[in-house]
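Bear in mind that the values here come from a model prediction, so they are computed numbers and not experimental data.
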Amino acid sequence: MDISVVVPVYNGEKTIPVLVEQVANELNKLDLKFEIILVDDRGPDNSWQVIDQICEEYSYVKGVQLSRNFGQHPAISAGLTYCEGTYIVVMDCDLQDRPDQIPKLYKHITNTNKDIVLAQRVQRQDKFFKRMSSKYFYLALSYFTNTNQDASVANFGIYKRKAIEEVIKMGDQVKFFPLFIRWVGFEIDYLEVEHSSREEGKSNYTFRKLWNLALDNIISFSNKPLYMTVNVGLFVTFLSFLGMIIIFAKYALGEIEVLGYTSLMVTISFFLGIIIFILGIIGIYIAKIFDQVKGRQVYIVKEEKNI
């Protein structure tokens, strides 16, 4: 198998047939043996019925239905385990990742001999809020995980099999494909591609979901917030020491006869806030450790087609 195309599917009932047709047309032009793996992440529409019908019609399409909605990145992880191709393409099902860009990615990775070529959406066809929330999401992720994340790059790209095999081995309970693909350390290159506007529906990544996704990945992938709490504690201690010196100096000079109720309550409230914040960070880490040691499946496959 030359190329495997992995597509996580959520609310893709209307776009899947067009996607499969376009991907097949583009890969047939390259005269390559290929497979398309559609992973149904159990959205509220009839995506699985459409996938089932397509699998009956085309033997090169594999269908995987998860038992429930596990999320986009666990769905990608599920699809990667079924890949047989020398090269693997990962793309979304909403047609914003354009199938006609796959040949460009394939030619680039074979010509440059890189391990990973990521599709760079220089002119993203998303709404302003989506672009801004995505930008700050990746900035925070880059800072806290010490990786180089780029808001113009998502899942779309082409990957050599050895890179994907290492990603599959990662046993993290919280899955985030763009973070994993950088962590494994293979040679990465970027290729500018055309990006389309959304054909159907709207993005499922609301600000709240992006915030939760960022928090999950930062806590699961990095211990930086723990070190930051130590720095915050040291900084607050330093400020308190300075404040204590100032108060004693004023008291010695006779400027303070009776310590005020207001300053006392402000000080207590401030330190309680710091303590609760630090305990909250530690509590989240403990919760993530608890989730990890349980060893539960990241996804469960209910049904397979053409596998």
Please assess L191 against L105 for the test side-chain contact (heavy atoms from CB on, under 4.5 Å), listing each intermediate value before the final yes or no. CA-CA 7 Å; L191 181 66; L105 291 167; 3.9 Å; yes
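- Taking hydrophobic clusters as Ile, Leu, Val, Met, Phe, Trp and Tyr residues chained together by side-chain heavy-atom distances below 4.5 Å, M1 does not share a cluster with V89.
- Inspection of the Y82 and E304 side chains reveals an N or O donor paired with an N or O acceptor under 3.5 Å.
- Contact check for E56 versus N306: no side-chain heavy atoms found under the 4.5 Å cut-off.
- At least one donor-acceptor pair under 3.5 Å links the side chain of T15 to the backbone N or O of C93.
- The line from NZ of K162 to CD1 of I116 is 9.5 Å long, rounded to the nearest 0.5 Å.
- The two residues P103 and P99 come nearest to each other via the heavy atoms CD-O, 3.7 Å.
- A donor-acceptor pair is defined here as one N or O able to donate and one able to accept, closer than 3.5 Å; such a pair exists between the side chain of N69 and the backbone of D41.
- Taking a 6.0 Å sphere around OH of Y285, one finds it holds more than 12 heavy atoms contributed by other residues, nucleotides or ligands.
- Separating the CD1 atom in I88 from the CD1 atom in I164 is a distance of 5.0 Å, to the nearest 0.5 Å.
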Test salt bridge (charged side-chain N to carboxylate O under 4.0 Å, His left out) on E84 and K62 and set out the steps. CA-CA 11 Å; E84 298 178 4; K62 296 180 179 180; 3.3 Å; yes
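- Of the possible polar contacts, none joining the D52 side chain to the W48 backbone as a donor-acceptor pair under 3.5 Å is found.
- Closest non-hydrogen pair, G63 versus I51, comes out as CA-CG2, 3.8 Å.
- Counting only heavy atoms from C-beta outward, the side chains of T86 and I3 never approach each other to under 4.5 Å.
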Tell me, with the steps shown, if L38 and V64 meet side-chain contact (heavy atoms from CB on, under 4.5 Å). CA-CA 6 Å; L38 303 174; V64 179; over 6 Å; no
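- For the pair I158/H108, no side-chain contact is recorded, criterion being any heavy-atom separation below 4.5 Å from C-beta on.
- Between M91 and V5 there is a side-chain heavy-atom pair separated by less than 4.5 Å.
- Here the straight-line distance linking atom CG of L30 with atom CZ of F34 works out to 10.0 Å at 0.5 Å rounding.
- The main-chain N or O of R42 is found under 3.5 Å from a side-chain atom of D40 such that the two form a donor-acceptor pair.
- Outside the 6.0 Å centre-distance limit, the rings of F177 and H73 are not counted as a close aromatic pair.
- Looking only at side-chain heavy atoms (C-beta outward), V50 and K14 stay at 4.5 Å or farther from each other.
- Remark: R182 is not positioned above the aromatic ring of F180, lacking an NZ or CZ atom under 6.0 angstrom from the ring centre and at most 45 degrees off the axis.
- The shortest heavy-atom contact between P44 and Y10 is CD-OH, 3.7 Å.
- Here the shortest heavy-atom pairing between E194 and R98 reads OE1-NH1, 2.9 Å.
- Between E187 and K160, none of the side-chain N atoms (NZ, or NE/NH1/NH2) sits under 4.0 Å from a carboxylate O, so this pair counts as no salt bridge.
- For the pair V117 and K114, the tightest heavy-atom approach, listed with the atom from each and the gap, is CG2-CB, 4.4 Å.
- Looking at heavy atoms from C-beta onward, V39 lies out of side-chain contact with I76 at the 4.5 angstrom threshold.
- Residues L95 and L19 form a side-chain contact, since some pair of their non-hydrogen atoms from C-beta on lies under 4.5 Å apart.
- Atoms CD and CD1, on E35 and I307 in that order, are 8.0 Å from each other to the nearest 0.5 Å.
- The side-chain heavy atoms of V184 and M170, taken from C-beta on, include a pair separated by under 4.5 Å.
- The distance from atom CZ of R68 to atom CZ of F70, rounded to the nearest 0.5 Å, is 4.0 Å.
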Checking R296 against Q173 for the side-chain contact (heavy atoms from CB on, under 4.5 Å) test, could you report, in this order, the C-alpha distance in whole Å, the side-chain angles of both residues, the deciding distance, and whether it holds? CA-CA 8 Å; R296 291 179 180 174; Q173 190 72 18; 4.2 Å; yes
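- Linking ILVMFWY side-chain heavy atoms closer than 4.5 Å, directly or via other members, places I300 and V174 in two distinct hydrophobic clusters.
- Taking the six-membered ring for Trp and the full ring otherwise, Y87 and Y159 have centroids separated by 6.0 Å or more.
- Annotation: N111, atom CG; neighbour count of heavy atoms from other residues, nucleotides and ligands within 6.0 Å is above 12.
- Around CD of E165, the count of heavy atoms belonging to other residues, nucleotides or ligands within 6.0 Å exceeds 12.
- The distance from atom CZ of F156 to atom CG of D97, rounded to the nearest 0.5 Å, is 5.0 Å.
- Although no hydrogens or angles enter the test, the distance criterion places no donor-acceptor pair under 3.5 Å between the side chain of S4 and the main chain of C83.
- Pairing each heavy atom of D115 with each of I109, the nearest pair is O-CD1, 3.7 Å.
- Defined by atom type and a distance below 3.5 Å, a donor-acceptor pair is present between the side-chain atoms of D92 and Q72.
- Looking at R121, its side chain never comes within 3.5 Å of a backbone N or O of V193 through a donor-acceptor pair.
- Of the N and O atoms on the side chains of S47 and E13, not one donor lies less than 3.5 Å from an acceptor on the other residue.
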